[in-house]
Undergrad: 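My structure is below; once you've seen it, I'll send some questions.
When a ligand or atom number is given, it counts from 1 through the structure's own listing order.
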Amino acid sequence: MPTILPPAPADAPGLSDKFGRQATDLRISLIDKCNLRCTYCMPADGLAWLPKSKLLTLEEITRIVRIGVRDLGIRELRLTGGEPLVRVDLTQIIAAVREEFPELPISLTTNGVGLAKKAAALAEAGLSRINVSLDTLHAETFATLTRRDHIDSVFEGIDAARAVGLAPVKINAVLMRGINDEQAPELLAWALERGLELRFIEQMPLDADHTWRKDNMVTAAQLRAYLEPRFILNPDTRPRDGAPAERFLVSTHADPQTILGAVGIIASVSEPFCADCRRTRITAEGKVMSCLFSREETDLSALLRDGSSDTDVAERWRAAMWGKPRAHGMDHVGLGSKDFVQSDRSMSAIGG
Ligand code: SAM
């Protein structure tokens with residue numbers, strides 16, 4: 001039996017929730033499959049992938065974007081996964097959205113494997129920006145973290161993305177204690193030299209193996225302690241405007257006045273920013289997740305497939321978002337709580 005959701009109040013704008021937030025940033029997962037097996041995300045053997053018939057089609061994805069942008073106040077779109085480059089019609093999806101919404105910022109989060117061959121076509125289709133995930137510069141550490149040996153393909157992908165002008169290329173890095181945490185300064189130096197904007201993301205309890213422990217993750221404070229002997233992190237004074245990353249302008253102790261570039265720190269666990277969250281997520285099979293940590297999900301695919309109107313789809317989406325929890329899947333407290341229960345979905349099955 002599908003859950004009966006109380007509707008969002010008629011006078012609540014767009015994708016509002018009962019805590020006064022409004023989602024304007026849409027993240028759609030295009031596919032749950034991935035070609036890496038990052039230890040903080042997927043099990044070594046992968047997961048039971050969705051059959052193709054369950055994945056949202058190009059038409060369903062563009063319809064969701066249309067309803068979101070036209071009717072519900074969505075102002076930006078991020079395509080993710082799983083690994084979105086694995087989706088064969090990725091370029092067509094971007095082109096279809098771009099044709100309908102020439103001004104909409106469309107970004108992609110990818111592990112960069114095989115990106116070199118596709119970067120030009122993605123840019124031409126209308127992709128605005130790209131985030132490539134890379135946690136280390138060392139082949140051995142990369143293989144330990146991802147259980148695959150594709151680091152060269154990722155480097156080539158990053159170079160190709162820069163060459164076709166998908167600027168600024170952002171790099172997402174997760175630090176794991178005892179594996180790559182001490183590599184944080186060299187990763188930042190490498191990114192600054194290339195004009196890439198590195199963003200460190202705290203490891204969240206979204207691994208399929210459920211091995212995350214709060215006392216074993218690398219916090220933003222610990223990361224800053226790794227970086228500060230080599231770099232000065234000057235807080236960026238521009239308003240954060242709902243961005244998950246706290247941004248710093250980076251200089252060195254030898255030359256504090258010269259800003260070499262920027263670094264972002266996404267402290268979802270130790271310094272959560274739920275009060276300012278503007279995100280709504282749709283999984284690869286068409287479920288709304290109002291929060292990354294939510295254990296509730298609301299299916300849109302049945303409505304998309306049974307002839308329901310755009311208004312029906314919009315109202316169900318609004319109802320799902322009206323029920324968005326205050327923090328990390330819960331209304332009263334967040335990840336710090338002893339009654340926090342990790343979702344059965346891994347990051348790859350939600351869409352990071
Ligand atoms: N496959 C693509 C990629 O690697 O970027 C897109 C999907 S991946 C789930 C999106 C982002 O989530 C990546 O930057 C990845 O490092 C991050 N991620 C995955 N599991 C995470 C976790 N448990 N905690 C924090 N970030 C995580």
Undergrad: Among all protein non-hydrogen atoms, which one is nearest to atom 26 (N) of ligand 1, and what is the separation to 0.1 Å?
TA: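 Looking at atom 26 (N) of ligand 1, the protein heavy atom closest to it is Val174 CG2, 3.6 Å.
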Undergrad: Can you list the ligand 1 atoms lying under 4.0 Å from a non-hydrogen atom of Glu202?
TA: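 Answer, ordered by atom number: 24 (N), 25 (C).
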Undergrad: Name the option, out of Met42, Met347, Arg27, that contains the heavy atom nearest to atom 12 (O) of ligand 1.
TA: Met347
Undergrad: With heavy atoms under 4.0 Å as the rule, classify the contact between Thr109 and ligand 1 as side chain, backbone, both or neither.
TA: both
Undergrad: Any sub-3.5 Å donor-acceptor pair from Arg318's side-chain atoms to Pro9's backbone N or O?
TA: yes
Undergrad: Starting from atom 2 (C) of ligand 1, what is the nearest protein heavy atom, named by residue and atom, and what distance separates them?
TA: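 Looking at atom 2 (C) of ligand 1, the protein heavy atom closest to it is Glu83 OE1, 3.3 Å.
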Undergrad: Please list, in number order, the atoms of ligand 1 under 4.0 Å from a heavy atom of Thr110.
TA: 2 (C), 3 (C), 4 (O), 5 (O)
Undergrad: State whether the side chain of Glu315 and the backbone N or O of Asp312 hold a donor-acceptor pair below 3.5 Å, judged by distance alone.
TA: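 No, Glu315 side chain to Asp312 backbone: no donor-acceptor pair under 3.5 Å.
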Undergrad: Does Thr144 use its side chain to pair, donor to acceptor, with the backbone of Glu140 at less than 3.5 Å?
TA: yes
Undergrad: With nothing but distance in play, are any N or O atoms of Tyr40 less than 3.5 Å from an N or O of ligand 1?
TA: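 Yes - when backbone and side-chain N and O of Tyr40 are compared with those of ligand 1, one distance drops under 3.5 Å.
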Undergrad: State whether the shortest distance between N or O atoms of Met204 and N or O atoms of ligand 1 falls below 3.5 angstrom.
TA: yes
Undergrad: Checking salt bridge (Lys or Arg N to Asp or Glu O under 4.0 Å) between Glu197 and each of Arg129, Arg247, Arg162, which is the one that passes?
TA: Arg247
Undergrad: So, regarding Asp135 and ligand 1 (criterion: nitrogen or oxygen to nitrogen or oxygen, under 3.5 Å), is there a contact or not?
TA: no
Undergrad: Quick check against the 3.5 Å criterion: does Lys324 have a side-chain atom that pairs as donor or acceptor with the backbone of Arg279?
TA: yes
Undergrad: Are there over 12 heavy-atom neighbours, none belonging to Arg63, within less than 6.0 Å of that residue's CZ?
TA: yes
Undergrad: Provide the number and element of each atom of ligand 1 under 4.0 Å from a heavy atom of Asn172.
TA: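 By the 4.0 Å cutoff, the relevant atoms are 14 (O).
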Undergrad: Is a side-chain N or O of Glu297 found less than 3.5 angstrom from the main chain of Lys287, in a donor-acceptor match?
TA: no
Undergrad: Where is the tightest heavy-atom contact between Trp49 and Arg37, given as atom of each residue plus distance?
TA: CZ2-NH2, 3.5 Å
Undergrad: Please check if Trp190 and Phe142 belong to a single hydrophobic cluster, counting links between Ile, Leu, Val, Met, Phe, Trp and Tyr side chain heavy atoms closer than 4.5 Å.
TA: yes
Undergrad: Would you mind running through ligand 1 and noting each atom that sits below 4.0 Å from a heavy atom of Thr80?
TA: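 Matching atoms, with element in brackets: 6 (C), 7 (C).
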Undergrad: Return the option from Ser29, Gly81, Gly351 holding the heavy atom at the smallest distance from atom 8 (S) of ligand 1.
TA: Gly81
Undergrad: Quick test of your reading of the structure: of Cys34, Gly112, Ser268, Ser133, whose heavy atom lies closest to atom 4 (O) of ligand 1?
TA: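 Nearest heavy atom to atom 4 (O) of ligand 1 lies in Ser133.
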Undergrad: Examine ligand 1 and decide if any of its atoms is less than 4.0 Å from a heavy atom belonging to Gly82.
TA: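 Yes; Gly82 lies near enough to ligand 1 that a heavy-atom distance drops under 4.0 Å.
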Undergrad: For Gln203, is at least one N or O under 3.5 Å away from an N or O on ligand 1?
TA: no
Undergrad: Could you pull out the closest heavy-atom pair between Leu55 and Asp32, with the gap in Å?
TA: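 That closest heavy-atom pairing would be CD2-OD1, 4.2 Å.
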